[in-house]
There are 2 protein chains.
Amino acid sequence: MSEESHPKAEDCNCLAVRQAARHVTQFYDQFLAPIGLRMTQFSVLSRIKKRGPMTINALAAELVMDRTTLGRNVLPLEREKLIAILPGKTDRRSKELHLTELGRERYEAGAKRWAAAQRQFDVAFGDRRASELRAILRAVTKTNLSGKAAN
Amino acid sequence: MSEESHPKAEDCNCLAVRQAARHVTQFYDQFLAPIGLRMTQFSVLSRIKKRGPMTINALAAELVMDRTTLGRNVLPLEREKLIAILPGKTDRRSKELHLTELGRERYEAGAKRWAAAQRQFDVAFGDRRASELRAILRAVTKTNLSGKAAN
DNA sequence: CTTAATTAAGGGTATATGCGCGTATATGTG
DNA sequence: CACATATACGCGCATATACCCTTAATTAAG
């Protein structure tokens with residue numbers, strides 16, 4: 001018997017989640033493409049819509065995204081006037097991301113498309129399994145992998 | 001009662017899998033960083049190592065990656081002499097990706113790091129749940145979401 | 001109040017991602 | 001064989017991702 005079973009490449013957690021992410025993102029992006037939004041962009045608009053104006057740092061944390069990544073992802077949205085980036089009221093270092101009226105409209109249009117994609121996914125994958133999927137993915141995202149204590 | 005429950009943004013399958021992918025990728029990439037490999041690159045080397053020389057198209061399909069994406073991802077690996085890109089023997093349009101000796105060595109080094117990351121993930125998330133996670137993610141990746149018949 | 005430590009964000013660099021369009025080669029058909 | 005079709009791949013474009021280092025502003029220490 002082997003004293004220790006070598007971990008196998010085909011069991012890579014990271015590869016599995018990345019492949020799934022690519023597969024699912026392409027699907028959702030097809031639905032959003034006609035209105036000129038990507039999934040990432042829709043996520044940003046959706047979050048701001050729901051939670052109100054937020055700073056880069058705060059939004060990045062909620063989206064589980066690097067701060068600098070969000071800073072760049074936000075630029076196309078600002079260019080298209082979907083969001084406004086205003087200086088923070090109390091802290092002049094920070095920037096508040098505001099949803100513009102145009103952004104709200106675009107979000108609403110996107111929400112319809114998103115809902116269609118979501119329905120189709122749930123049908124294809126099964127409602128129950130889709131629900132399981134989201135639960136286990138949320139658990140993954142919440143897991144402190146580094147082992148260090150989270151302050 | 002509402003005649004139909006609106007799908008909720010926080011239940012987005014796509015966002016969930018993307019966030020998890022970012023979270024997990026950062027973790028694995030930290031392990032691979034010291035030897036100068038990213039997860040994507042390690043996946044490419046690993047696949048070629050396991051399956052032997054492959055064309056861009058074939059490898060892209062296996063990695064659930066767009067053909068053009070892989071075409072670009074392969075360039076840094078070629079630049080560092082980890083893989084060799086040779087013209088296809090029978091079909092001159094295709095290119096065969098070969099693992100070089102240097103690439104094999106780098107892969108072996110990466111495999112050690114990857115195994116450490118994988119172990120730590122499995123411990124933090126739980127072996128059983130990690131196994132479930134991979135199973136459901138594989139199911140997602142395999143699911144034909146478009147509804148069209150797959151030729 | 002002055003200085004040190006902390007925090008918010010930008011810029012540089014590099015890779016990752018995929019669509020649309022174009023080119024070269026291969027294959028099927030008459 | 002000539003021609004239409006299919007396939008393998010590259011390039012341009014735009015966004016996505018995250019590292020490092022830096023700057024500006026806030027907050028804590030003295």
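The sequence lines fix the lettering, A, B, ..., with proteins before strands; numbering per chain opens at 1.
The side chain of Asn57(B) contributes an N or O atom lying less than 4.0 Å from OP1 or OP2 of dA8(D). Using a 4.0 Å cut-off, some side-chain N or O of Gln26(B) falls inside it from OP1 or OP2 of dC19(D). In this model, the phosphate group of dA16(C) is not approached by any side-chain N or O of Arg72(B) to a distance below 4.0 Å at OP1 or OP2. OP1 or OP2 of dA16(C) sits under 4.0 Å from a side-chain N or O of Asn73(B).
Positionally, the nearest nucleotide of DNA chain D for Ile85(B) lies more toward the 5' end than for the other of Ile85(B) and His23(B). Along DNA chain D, the nucleotide nearest to Asp66(A) and the one nearest to Glu80(A) differ in position, and the one closer to the 5' end is contacted by Glu80(A). If you find the closest nucleotide of DNA chain C to Thr69(B) and to Thr55(A), the one lying nearer the 5' end belongs to Thr55(A). Projected onto DNA chain C by closest heavy-atom contact, Met39(B) and Gly71(A) fall at different nucleotides, the more 5' of which corresponds to Gly71(A).
Taking the six-membered ring where tryptophan is involved, the planes of Phe42(A) and Trp114(A) are essentially parallel, since the angle between them stays under 30° and well short of 60°.
Rounded to whole Å, atom C1' of dT15(C) lies 16 Å from atom CD of Glu78(B). Rounded to an integer number of Å, the gap from CG of Leu86(A) to P of dA9(C) is 13 Å. Distance, Leu75(A) CG to dA16(D) P: 10 Å, rounded to whole Å. To the nearest angstrom, P of dT17(C) lies 13 Å from CZ of Arg22(B).
Distances from the side chain of Thr68(B) to the nucleotides dA9(C), dC11(D), dT17(C) place dC11(D) closest. In the set dA16(D), dA9(C), dG18(C), the nucleotide with an atom closest to the side chain of Lys95(A) is dA9(C). Proximity note for Arg92(B) (side chain, C-beta onward) versus dG18(C), dC9(D), dA26(C): the nearest is dA26(C). The side chain of Asp91(B) lies closest to dA26(C) when the candidates are dA26(C), dA16(C), dG18(C). Nearest to the side-chain atoms of Arg38(B) among the listed nucleotides dA16(C), dA14(D), dA9(C) stands dA16(C). Of the listed nucleotides (dC21(D), dT17(D), dC9(D)), dC21(D) has the atom at the smallest distance from the side chain of Arg67(A). The nucleotide whose nearest atom lies closest to any side-chain atom of Pro76(A) is, among dT15(D), dG18(C), dA9(C), dT15(D). In the set dG11(C), dA24(C), dG18(C), the nucleotide with an atom closest to the side chain of Arg93(B) is dA24(C).
Put simply, the side chain of Leu82(B) does not reach to within 4.5 Å of the side chain of Leu99(B), judged on heavy atoms. Counting heavy atoms from C-beta outward, Thr143(A) and Phe27(B) have side chains that stay 4.5 Å or more apart. Counting heavy atoms from C-beta outward, Ser43(A) and Arg47(A) have side chains that stay 4.5 Å or more apart. Using a 4.5 Å heavy-atom cutoff, the side chains of His98(B) and Ile48(B) are not in contact.
Within 4.0 Å (heavy atoms only), Ser43(B) reaches no atom of the nucleic acid at all.
A salt bridge links Arg104(A) with Glu108(A): at least one charged nitrogen is closer than 4.0 Å to a carboxylate oxygen.
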